[in-house]
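Heads up: numbering here begins at 1 and tracks the sequence.
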Amino acid sequence: MERILKGLSRFQKRVYPKHRDLFQKLALGQRPEALFITCADSRIDPCMLTQTKPGELFICRVVGNIVPPYPDAIGGVSATIEYAVGVLGVPDVIVCGHTDCGVMKGVLNPEPLEPLTSVTAWLNYAQPARKAAAAQEEALAGPEFLLAVTERNVLEQLSNLGTHPSVAARLEQGDLQLHGWVYDLGEGIVTAYDPDRAEFVPLESPQPKLRAVRHP
Ligand SMILES: [Zn+2]
């Protein structure tokens, strides 16, 4: 806790004064560019990952980046989605899973988590991902199968998103885009689901164009 309080003090003394204009503008309202739904895992920093500033991402952190289908589990996740999509009108929603996810491991090996009744109940929303990936279980090594379930889980949650009335209405209007990502914690790579290829492909930043080299 001591480190956290020291960090707060450093923010107030050094960081805030440098960005005072931004914070004072943000105090008047927000217009985030996307709703970013990701796991509560401490190793994910959505703003560092996307190099966004305060006010630019509306973030929903929830274990396993799970979005229960509407009207199941009406609560924090559904309210966050409704507010971001229905009130703030974000143009994009990103569901971002990640490698080495404890929840996805729990889906594959639920026994140790059984005493945790809330976690176990929540894991049920990821079971369709395991079922959908089951056909690949024999062909893939352990870590590869975990990744396959992680990817599939992102797709299941994107599909669940579409059952929420605020999301369905905006999809119907054609002014909302949904994106499925998986973040590789160790490598810093993000893959995104490409519906045309029906697979996750690395998201690459545009490469700078090479300047023509003039020979004397
Ligand atoms: Zn996780």
Side-chain angles (χ1 to χ4, degrees), residues 35-46 48-49 58-82 84-85 93-165 167-168 178-195 198-203:
L35 166 62
F36 196 93
I37 302 172
T38 194
C39 188
D41 193 299
S42 64
R43 297 166 294 178
I44 304 168
D45 185 335
M48 184 188 277
L49 181 64
F58 199 78
I59 301 172
C60 179
R61 305 291 302 248
V62 57
V63 286
N65 37 277
I66 282 167
V67 176
Y70 187 86
D72 278 20
I74 295 290
V77 175
S78 48
T80 304
I81 291 165
E82 199 171 62
V85 174
V93 182
I94 298 158
V95 174
C96 183
H98 67 102
T99 55
D100 198 48
C101 182
V103 174
M104 294 302 111
K105 287 176 174 175
V107 170
L108 297 182
N109 183 23
E111 270 178 33
L113 296 175
E114 270 167 13
L116 308 173
T117 50
S118 297
V119 174
T120 301
W122 195 245
L123 284 185
N124 281 331
Y125 291 113
Q127 283 300 341
R130 179 180 184 148
K131 286 194 189 115
Q136 298 168 272
E137 190 161 7
E138 280 188 19
L140 297 175
E144 289 172 343
F145 183 59
L146 177 62
L147 181 61
V149 174
T150 302
E151 290 180 345
R152 191 67 225 184
N153 180 58
V154 167
L155 300 183
E156 294 292 336
Q157 308 316 324
L158 281 175
S159 162
N160 289 349
L161 254 179
T163 65
H164 289 249
V167 174
L178 306 184
H179 312 268
W181 288 10
V182 172
Y183 170 39
D184 185 321
L185 293 176
E187 300 296 326
I189 294 168
V190 173
T191 55
Y193 186 69
D194 179 342
E199 63 179 344
F200 281 77
V201 294
L203 271 182

### Message
Please check this pair: side chain of His164 against backbone of Ala79, looking for a donor-acceptor N/O pair closer than 3.5 Å.
### Response
no
### Query
Minimum heavy-atom separation for Val154 to Gly97, with atom names?
CG2-N, 3.6 Å
### Gln157 versus Asn160, side-chain donor and acceptor atoms under 3.5 Å
yes
### Task
Please confirm whether the backbone N or O of Leu116 pairs with a side-chain atom of Thr120, one donor and one acceptor, at under 3.5 Å?
yes
### Minimum side-chain heavy-atom gap Tyr70-Ile81 below 4.5 Å
no
### Task
Have a look at Glu187 and tell me which of Val190, Leu185, Ile189 forms a side chain to side chain contact (heavy atoms under 4.5 Å, CB included) with it.
Ile189
### Summary
In terms of heavy-atom contacts, Thr150 and His98 come closest through CG2-O, 3.4 Å
### Task
For Glu199, look at atom CD and say whether over 12 heavy atoms of other residues, nucleotides or ligands are found less than 6.0 Å away.
yes
### Task
Mind running side-chain contact (heavy atoms from CB on, under 4.5 Å) on Asp41 and Cys101 for me, showing each step along the way?
CA-CA 8 Å; Asp41 193 299; Cys101 182; 5.8 Å; no
### Task
For the pair Thr38 (side chain) and Cys96 (backbone), establish whether a donor and an acceptor sit closer than 3.5 Å, ignoring hydrogens and angles.
yes
### Message
Tell me whether Lys105 is salt-bridged to Asp100, with the criterion being a basic N under 4.0 Å from an acidic carboxylate O.
### Response
yes
### Task
Please answer whether the main-chain N or O of Leu147 pairs with a side-chain N or O of Thr99 as donor and acceptor at a distance below 3.5 Å.
no
#### Entry: Residue pairs fulfilling salt bridge (charged side-chain N to carboxylate O under 4.0 Å, His left out) with at least one residue in residues 141-157, sequence neighbours excluded
Arg152-Glu156
### Heavy-atom check, side chain of Pro68 versus side chain of Val77, under 4.5 Å
yes
### Task
Give the minimum heavy-atom separation between Tyr193 and Ala198, together with the two atoms involved.
OH-CA, 3.3 Å
### Query
Looking only at heavy atoms, what is the nearest atom pair of Leu113 and Gly106, with distance?
CD1-CA, 3.5 Å
## Note on the structure
Minimal heavy-atom distance between Ala73 and Trp122, with the atoms involved, is CB-CZ3, 4.4 Å
### Nearest atoms (heavy-atom pairs only) where Phe200 meets Val182
CE2-CG2, 3.9 Å
#### Entry: Polar side-chain atom of Asn153 near backbone of Gly64 as donor-acceptor pair, under 3.5 Å
yes
### Message
I want to check something: taking the side chain as every heavy atom from C-beta on, are Asp45 and Leu49 in contact at a cut-off of under 4.5 Å?
### Response
no
### Query
How about Val67 and Ile37: do any of their side-chain heavy atoms sit closer than 4.5 Å?
yes
### Query
Given Val167 and Val93, is the side-chain contact (heavy atoms from CB on, under 4.5 Å) satisfied, shown in steps?
CA-CA 9 Å; Val167 174; Val93 182; 5.7 Å; no
